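Since the model is a prediction, treat every value here as computed from it, not as a measurement. Per chain, numbering begins at 1; letters A, B, ... match sequence-line order.
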Amino acid sequence: MALNIMIVDDSPVMRVFLRKVVQLAGLPVGEYCEAGDGEAALKTLREHWVDLVLTDINMPRMNGEEFVRQLESDELLRDIPVIVVSTDSSHGRKEHLLKLGARGYISKPFLPETLRDEVEKVLRVPHA
Amino acid sequence: MHSHHFDHLLEPAVTAVLETMFFSEPLGSSEPDSSAGKLEVRVPFSGEVSGVLEIRISKASARSLAASFLGESEESLTQSQTAQVVCELANMLCGWIVSKPGSQGSFDLGSPELLSPENDRPIGVPASQQSFAVENGTLTLSLYSSVAA
């Protein structure tokens with residue numbers, strides 16, 4: 001099944017990079033959509049079908065943490081799996097985001113294989 | 001964590017980030033690039049230790065790394081894209097250095113700031129500093145700890 005993937009990052013070059021890594025990971029992609037912050041992402045998610053979200057944490061207006069929190073509290077959107085892609089590899093930050101509702105967490109730098117494995121793991125496990 | 005614990009992390013950080021995200025690698029130690037043709041970025045961080053990571057990279061190196069990162073040809077890149085990629089490089093290096101050593105605590109990273117002659121104010125003596133030869137030039141990392149950002 002081809003996945004509709006949303007990339008949420010305030011850095012345009014990081015969004016380009018993530019598309020490239022998704023391609024290198026060999027993931028089947030239907031459509032991409034992008035947002036520069038959590039607020040714009042929530043708006044887009046209400047208007048488009050998205051199977052998977054990859055999000056940064058540090059963003060203006062609404063950061064990744066608040067984005068995950070709001071997504072989790074939205075009955076219509078909470079089943080969309082979110083993988084956080086962050087430069088922060090500390091155990092504490094990862095645990096915090098997973099508790100908030102993120103399904104996966106990848107620390108930069110990472111290989112395409114790491115993304116593929118995390119996506120496959122997240123899509124296999126139903127939301128609690 | 002003490003600031004001197006960052007010393008041994010600069011080289012592995014550069015190796016990990018360049019190899020994994022830029023399909024490149026450091027080519028050994030080097031002297032800092034003293035020419036005017038370089039880009040400089042600062043990333044503030046706070047946590048157990050607070051401070052600033054500053055990176056300086058030769059413009060030619062920045063262009064070739066940006067091309068690898070984005071999968072584009074160097075000729076097709078804009079100055080802005082190259083600068084944004086250098087900001088991402090600084091961000092990833094800082095994140096690797098401050099949160100990799102198995103710390104249970106969290107660090108907050110600020111937004112990377114591209115330095116220009118107007119905002120390039122000196123911030124003291126770095127606690128750690130190393131320069132690396134990279135493709136087409138030099139990459140220098142300077143870590144200032146316990147600095148109010």
> Do any N or O atoms from the side chain of B/T20 and from the backbone of B/V17 form a donor-acceptor pair under 3.5 angstrom?
Replying inline: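 Side chain of B/T20 to backbone of B/V17: no pair is present.
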
> Side chain, backbone, both or neither: which part of A/L18 has an atom under 4.5 Å from a heavy atom of chain B?
Replying inline: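 It is neither, since no heavy atom gets under 4.5 Å.
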
> Which region of A/P60, side chain (C-beta onward) or backbone (N, CA, C, O), has a non-hydrogen atom less than 4.5 Å from a non-hydrogen atom of chain B, or is it both or neither?
Replying inline: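 For A/P60, no heavy atom lies under 4.5 Å from chain B.
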
> Near B/E74 CD, under 6.0 Å, is it more than 12 heavy atoms from other residues, nucleotides or ligands?
Replying inline: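 Above 12, so yes.
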
> More than 12 heavy atoms of other residues, nucleotides or ligands under 6.0 Å from CD of A/E31: is that the case?
Replying inline: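 Count not over threshold, so no.
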
>> Are A/I5 and A/L111 connected into the same hydrophobic cluster when the rule is that any two of I, L, V, M, F, W, Y join if their side-chain heavy atoms are below 4.5 Å apart?
In response: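 No, because A/L111 and A/I5 fall into different hydrophobic clusters, even though each may have its own neighbours under 4.5 Å.
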
>> Taking the side chain as everything from C-beta on, heavy atoms only, tell me whether A/V53 gets closer than 4.5 Å to A/V8.
In response: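 In contact.
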
> Going by an N to O cut-off under 4.0 Å, is there a salt bridge joining B/E54 and B/R56?
Replying inline: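 Yes, this pair counts.
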
> By number, which residues in residues 80-88 of chain B have some heavy atom less than 4.5 Å away from chain A?
Replying inline: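 The residues closer than 4.5 Å to chain A, in numerical order, are B/Q81, B/Q84, B/V85, B/E88.
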
>> Working note: B/S61 + B/N136, criterion side-chain hydrogen bond (donor to acceptor under 3.5 Å, both in side chains); need CA distance, chi angles, decisive distance, verdict.
In response: CA-CA 5 Å; B/S61 302; B/N136 298 325; 5.9 Å; no

